[in-house]
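Side chains are part of it too, since the values below use all heavy atoms of this structure and drop only hydrogens, waters and symmetry mates. Computed from a predicted structure; not experimentally measured. In each ligand, atom 1 is the first atom listed, and ligand 1 is the first ligand listed.
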Amino acid sequence: YECYTKTGYCFVHAIYVPVSVQMATQEKIYVPVFTAVDRDVFLRQIYPKRKPAVLRGVCLGPCVDKWTVEYLAQKGGGKEVKIHVSSVPQMNFLHKNFVYRTLSFDEFVKRTSEEKHTDFFLCEDESYYLRSLGEDVRKEPADLHKQFPELAEDFHIPNFFEPDLFFSSVFRISSRRLQLWTHYDVMDNLLAQVTGRKRVVLYSPRDALHLYLTGDKSEVLEIDSPDVNLYPEFVKAVRYECVLEPGDLLFIPALWFHNTLALQFGVGVNVFWRHLPADSYDKKDPYGNKDPVAASRALQALERALRCLDELPPEYGDFYGRRMIQRIRERTFCDCPS
Ligand code: AKG
């Protein structure tokens with residue numbers, strides 16, 4: 001029999017088992033792989049479930065065969081791109097262990113596909129990551145057709161949503177081993193892995209309380225071996241996992257957390273589109289990661305409410321804080337399984 005104690009040890013048959021052993025029991029679910037998916041199958045069987053799904057065998061166009069390093073360099077040419085550069089492959093947005101640098105697209109692709117570089121910014125085995133941006137980075141979402149028209153011709157966006165719901169199409173190009181922090185976006189997303197293999201780990205929005213969030217990002221970087229003393233709740237988050245093969249699409253519903261690990265040098269494009277009515281979204285959001293306007297209002301109101309509690313003696317503030325938690329629990333899925 002098992003009993004969990006406040007010290008974080010579980011007592012099994014009179015043996016103390018350290019918390020780290022419990023980590024091995026984190027629930028893992030493989031993301032289902034669907035083949036022969038057309039618009040009808042996607043809209044009827046996959047989209048309404050609001051769960052991640054790998055779509056294998058959907059036609060992405062000639063990009064799957066054509067996008068070699070040489071071809072990308074030639075067609076993308078000398079256009080300047082702003083990239084993330086890091087001396088370690090695990091990028092950390094919260095503690096900014098990377099720098100932004102500018103390179104021509106052809107040079108960027110060439111360097112990103114190599115393991116060791118003769119020209120480099122930080123060190124000879126530095127890692128690179130491109131998340132392409134709009135022309136006016138503060139106002140305009142990325143659109144492959146506008147920034148890379150010649151390459152965009154090779155990539156066919158599946159017709160799984162109405163064209164007027166389209167928000168952005170973003171190049172995702174990464175060095176081998178590059179790992180991108182766990183975060184969520186507020187739009188629905190089809191992540192097309194055009195070349196290279198990529199592992200993606202996802203967590204349900206219902207597991208938000210177990211992910212140690214700062215804004216839209218999780219503080220837990222080492223998702224494969226988390227520090228259980230710092231992040232004891234993390235084990236409760238159910239881990240959804242898949243490995244994308246070249247040509248695969250991954251449907252990532254809005255608000256699902258995702259963490260990507262490039263198993264090979266890889267080129268992807270992700271397409272964001274609106275799930276909610278257009279006026280639900282922040283108009284000044286070129287990245288598609290600002291919370292919907294009603295959610296921002298609710299979060300601001302909560303901050304105001306918490307400041308009101310500061311006007312009370314601590315034990316009163318604590319008591320009314322608990323009553324607020326109770327109200328929020330009644331309104332959310334907090335106690336439901338993921
Ligand atoms: C996204 O599609 O929102 C991602 O974060 C993808 C990251 C990647 O493919 O590296």
Q: Output all residues satisfying salt bridge (charged side-chain N to carboxylate O under 4.0 Å, His left out) with Arg39, sequence neighbours left out; order by chain, then residue number.
A: Glu162

Q. With a distance cut-off below 6.0 Å to the six-membered ring centre and an angular limit of 45° from the axis, does Lys66 pair with Tyr71 as a cation-pi contact?
A. no

Pairs of nitrogen or oxygen atoms, one from ligand 1 and one from the protein, closer than 3.5 Å: please tabulate them with distances.
| residue | atom | partner | partner atom | Å |
| --- | --- | --- | --- | --- |
| ligand 1 | 2 (O) | Asn189 | ND2 | 2.9 |
| ligand 1 | 3 (O) | Arg172 | NH2 | 3.4 |
| ligand 1 | 3 (O) | Asp185 | OD2 | 3.0 |
| ligand 1 | 3 (O) | Asn189 | ND2 | 3.2 |
| ligand 1 | 3 (O) | His258 | NE2 | 3.0 |
| ligand 1 | 5 (O) | His183 | NE2 | 3.2 |
| ligand 1 | 5 (O) | His258 | NE2 | 3.4 |
| ligand 1 | 9 (O) | Lys198 | NZ | 2.7 |
| ligand 1 | 10 (O) | Tyr129 | OH | 3.2 |
| ligand 1 | 10 (O) | Lys198 | NZ | 3.3 |
| ligand 1 | 10 (O) | Thr260 | OG1 | 3.1 |

Q) What residues form a salt bridge (charged side-chain N to carboxylate O under 4.0 Å, His left out) with Glu114, not counting sequence neighbours? A) Lys110

Q) Is the NZ or CZ atom of Arg50 positioned over Phe251's six-membered ring, under 6.0 angstrom from the centre and within 45° of the axis? A) no

Show me the side-chain donor-acceptor pairs of residues 210-218 shorter than 3.5 Å, one per line, residues at least two apart or across chains.
| residue | atom | partner | partner atom | Å |
| --- | --- | --- | --- | --- |
| His210 | ND1 | Asp207 | OD1 | 3.2 |
| Tyr212 | OH | Glu233 | N | 2.8 |
| Thr214 | OG1 | Glu219 | OE2 | 3.4 |
| Ser218 | OG | Leu211 | O | 2.7 |
| Ser218 | OG | Val220 | N | 3.1 |

Q) Is the ring centre of Phe105 less than 6.0 Å from the ring centre of Phe148? A) yes

